[in-house]
There are 2 protein chains.
Amino acid sequence: MPTAAPARSEQFTITELRREFDVSARTLRFYEDKGLLTPHRDGQARIYGYRDRARLGLVLRGKRMGFSLAEIKEMLDLYNLKDGQVTQLEVSLEKSRERIASLHEQRNEIDDVISDLERACDVIEGMLTEKRREQSPCRLDEALATE
Amino acid sequence: MPTAAPARSEQFTITELRREFDVSARTLRFYEDKGLLTPHRDGQARIYGYRDRARLGLVLRGKRMGFSLAEIKEMLDLYNLKDGQVTQLEVSLEKSRERIASLHEQRNEIDDVISDLERACDVIEGMLTEKRREQSPCRLDEALATE
DNA sequence: ACTAACGCTGACGTTAACGTCAACCTGTTT
DNA sequence: AAACAGGTTGACGTTAACGTCAGCGTTAGT
């Protein structure tokens with residue numbers, strides 16, 4: 001009767017996972033040491049489930065955003081409350097909100113950098129059109145002039 | 001009167017800068033080694049100008065965004081072309097645009113994480129109100145079982 | 001003159017996040 | 001049986017980004 005779980009095993013070996021996400025096996029084992037992944041075993045071999053696969057995706061996204069593995073773990077643990085006490089839930093809620101706030105800040109900084117770089121692009125384009133117009137017939141002179 | 005204005009010197013000592021930005025002196029010297037800052041000297045002592053101060057701000061912003069010092073240096077060098085050759089300008093322009101594109105991606109990922117966390121907050125809040133009313137079992141993992 | 005504050009230069013230590021390598025097991029193919 | 005592909009566990013190496021510490025030189029105040 002308790003065959004509620006789908007017999008369709010959505011399991012991955014370590015190489016499957018590492019190819020899909022383009023990471024090394026060493027990295028996956030390292031993440032396991034750090035508690036970011038928790039595959040079970042078939043004998044000695046690791047077997048990753050759907051959950052681990054999803055978490056790995058989140059870890060890598062976190063990394064692309066510049067978070068440390070410790071920070072990422074903290075964020076992941078927010079999804080894993082299962083049956084926390086009320087106080088634990090409250091703490092998690094506060095942490096989530098802090099994280100959200102800092103992410104908004106980060107977003108704003110990114111916006112700033114983007115507009116900075118866009119202005120820089122405009123300037124470079126201006127320099128390029130100007131440089132191309134003067135066709136530099138005397139390149140040698142210029143080269144010699146600028147020591 | 002070719003007197004340079006040393007009266008209100010826009011110069012900073014290492015401790016002034018480190019206090020303003022809350023970094024260590026070691027860090028400032030390290031950034032100098034890496035070519036991110038280029039203070040001149042009064043005898044042995046470093047003297048930072050407005051330019052260095054601005055660059056330091058950009059470096060720290062870049063760090064908050066998760067960039068390595070090498071990447072930050074590349075971005076800073078985009079502001080420093082002065083009078084490059086045409087090909088160099090073209091390269092810089094392309095690099096700037098790539099950087100802008102990747103920043104847009106990063107921004108989108110941040111948005112994704114933000115909405116993930118906001119949903120998690122909603123779920124946690126739901127669990128809290130329910131928990132406070134009665135001692136019912138909670139199932140955050142099922143509630144979050146996105147796909 | 002002495003000390004305290006501030007600054008400098010090495011040089012070694014540290015942490016995070018892996019890479020690399022050796023040695024081993026294990027099932028499958030040749 | 002031998003080799004091979006894929007997996008495992010240590011253990012040590014590496015890089016980035018600093019921290020820390022020792023030793024030394026200059027002013028400024030007492």
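Naming convention: chains lettered A, B, ... in sequence-line order (proteins, then strands); numbering from 1 in each chain.
Side-chain atoms of B/Thr15 lie closest to C/dC6 of the nucleotides C/dC18, D/dT8, C/dC6. For A/Arg46, the listed nucleotide lying nearest its side chain is D/dT9; candidates were D/dC18, D/dT9, C/dC8. If you check C/dC8, D/dT8, C/dC18 against the side chain of B/Ile14, the one that comes closest is C/dC8. The side chain of B/Phe30 has D/dA17 as its nearest neighbour among D/dA17, C/dG7, D/dA11. With D/dT9, C/dT9, D/dC18 as the choices, the nucleotide that has an atom nearest any side-chain atom of A/Arg29 turns out to be D/dT9.
A straight line from NE2 of B/His40 to P of C/dC8 spans 14 Å, rounded to a whole angstrom. Summarising the geometry, the separation between CD on B/Glu16 and P on C/dC6 is reported as 11 Å, rounded to the nearest angstrom. In this structure, CG of A/Asp42 is placed 16 Å from P of D/dG6, rounded to the nearest angstrom. Between the CZ atom of B/Phe21 and the P atom of D/dC18 there is a distance of 15 Å, rounded to whole Å. For A/Arg18 and C/dC18, the CZ to P distance is 15 Å, given to the nearest whole Å. The distance from atom CG of B/Asp33 to atom C1' of C/dC8 is 12 Å, rounded to the nearest whole Å. Distance B/Arg26 CZ to C/dG13 P: 14 Å, rounded to the nearest Å. Distance NZ (B/Lys63) to P (D/dA16): 13 Å, rounded to an integer number of Å.
OP1 or OP2 of C/dT9 lies within a sub-4.0 Å distance of a side-chain N or O belonging to B/Arg41. Between A/Thr13 and the phosphate of D/dG6, there is no side-chain N or O to OP1/OP2 separation shorter than 4.0 Å. Contact between the side-chain N/O atoms of A/Ser24 and the OP1/OP2 oxygens of C/dG19 is found at a separation under 4.0 Å. Remark: A/Tyr31 is not in phosphate contact with C/dA17, judged by side-chain N or O atoms under 4.0 Å from OP1 or OP2.
The OG1 atom of A/Thr27 sits 11.5 Å away from atom CG of A/Leu36, with the distance rounded to the nearest 0.5 Å.
Other residues, nucleotides and ligands place no more than 12 heavy atoms under 6.0 Å from the CG atom of B/Asp22.
Exactly one of A/Arg26, A/Arg55, A/Arg41 qualifies for a salt bridge (Lys or Arg N to Asp or Glu O under 4.0 Å) with A/Glu32. That residue is A/Arg41. Each of B/Arg64, B/Arg107, B/Arg61 was scored for a salt bridge (Lys or Arg N to Asp or Glu O under 4.0 Å) with A/Glu109, with one residue passing: B/Arg64.
By the 4.5 Å heavy-atom criterion applied to side chains, A/Tyr79 and B/Asp116 are counted as neighbours.
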